[in-house]
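So the structure is just underneath, and the comments pick up after that.
Whatever order the structure lists them in is the order used to number ligands and atoms, beginning at 1.
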Amino acid sequence: MSIEQTLSMIKPDGVARGLIGEIIGRFEKAGLKIRALKMLHLTKAQALKFYLVHQERPFYDSLTSFMSSGPIVAIILEGDNAIQVNRDLMGATDYRQAAAGTIRADFAKEIEANLVHGSDSPENAQIEIAFFFNALERV
Ligand code: CMP
């Protein structure tokens with residue numbers, strides 16, 4: 001068992017569709033602890049920076065426009081194997097391939113507007129957590 005932290009984002013579609021409580025409830029029911037949480041509206045420049053790893057992808061411009069189109073909720077989740085637990089709760093990036101009962105299978109309607117983001121490795125979790133939260137904001 002290893003206690004990890006991971007960065008979750010509820011994307012603009014999740015916020016606009018009133019799914020914040022539903023999604024956070026799933027995290028808590030799965031045993032993940034909320035260690036930090038904030039709502040903010042990313043600028044296009046901030047979204048471009050967050051998703052820089054995808055800069056060569058054809059969807060980079062569209063994705064970052066979408067991610068800066070409305071408020072998001074950034075969350076630090078903590079728990080045993082939190083990175084994988086969160087990814088299992090989210091389901092596959094493409095909602096059509098997401099396992100039944102996952103957030104994306106239950107609610108997503110598009111591959112881009114897929115409700116949630118979760119870090120994919122401990123290294124990226126640390127980078128993504130630091131993107132949103134300073135030391136004073138973490139418990
Ligand atoms: P996320 O887990 O935040 O990581 C990158 C995001 O890019 C992904 O979720 C989707 O929102 C988006 N994405 C991935 N693949 C595609 C695609 N083929 N077309 C459009 N958006 C995509």
Ring center gap for F107 and Y95 short of 6.0 angstrom: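 Ring-ring flag for F107/Y95: false, centres at least 6.0 Å apart.
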
Any side-chain donor near an acceptor of the partner, E112 and S62, under 3.5 Å: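 Side-chain D/A pair, E112 to S62: present.
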
At under 4.0 Å between heavy atoms, which part of [X] makes contact with ligand 1: side chain, backbone, both or neither?
X: E110; result: neither
X: D94; result: neither
X: N114; result: side chain

Minimum non-hydrogen distance to atom 21 (N) of ligand 1, winning option of R57, H117, E112: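 Result: the heavy atom closest to atom 21 (N) of ligand 1 is in E112.
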
Nitrogen or oxygen atoms of T93 and ligand 1 under 3.5 Å apart: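 Between T93 and ligand 1, no N or O pair is found under 3.5 Å apart.
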
Atom indices of ligand 1, in the order listed, that fall short of 4.0 Å to a heavy atom of R104: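 Those atoms are 2 (O).
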
Tell me: protein heavy atom nearest [atom], and distance?
atom: atom 9 (O) of ligand 1; value: K11 NZ, 3.0 Å
atom: atom 5 (C) of ligand 1; value: H54 NE2, 3.4 Å
atom: atom 18 (N) of ligand 1; value: I111 CD1, 3.7 Å
atom: atom 17 (C) of ligand 1; value: F59 CD2, 3.5 Å
atom: atom 6 (C) of ligand 1; value: L63 CD2, 3.7 Å

Intermediate values then yes/no, side chain to side chain contact (heavy atoms under 4.5 Å, CB included), E128 and D120: CA-CA 10 Å; E128 293 179 358; D120 63 2; 5.6 Å; no

ILVMFWY network linking L32 to I103, side-chain heavy atoms under 4.5 angstrom: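 Yes: a chain of side-chain contacts under 4.5 Å links L32 to I103.
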
M67 with I10, same ILVMFWY side-chain cluster at under 4.5 Å: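 Unlinked, M67 and I10 end up in two clusters.
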
Residues K11, L115; criterion side chain to side chain contact (heavy atoms under 4.5 Å, CB included); working and verdict: CA-CA 5 Å; K11 298 184 178 185; L115 295 163; 5.8 Å; no

Out of curiosity, is [X] lining ligand 1, as in a heavy atom under 4.0 Å away?
X: F66; value: no
X: M9; value: no
X: R87; value: no

Plane angle bin for H117 and Y51 - parallel if under 30°, tilted between 30 and 60°, otherwise perpendicular: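 Perpendicular.
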
R26/D106 salt bridge by N-O under 4.0 Å criterion: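 Salt bridge: yes.
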
Side chain to side chain donor-acceptor pair (under 3.5 Å) partner of E78, the single match among K33, R138, Q5: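 Only match with E78 under side chain to side chain donor-acceptor pair (under 3.5 Å): Q5.
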
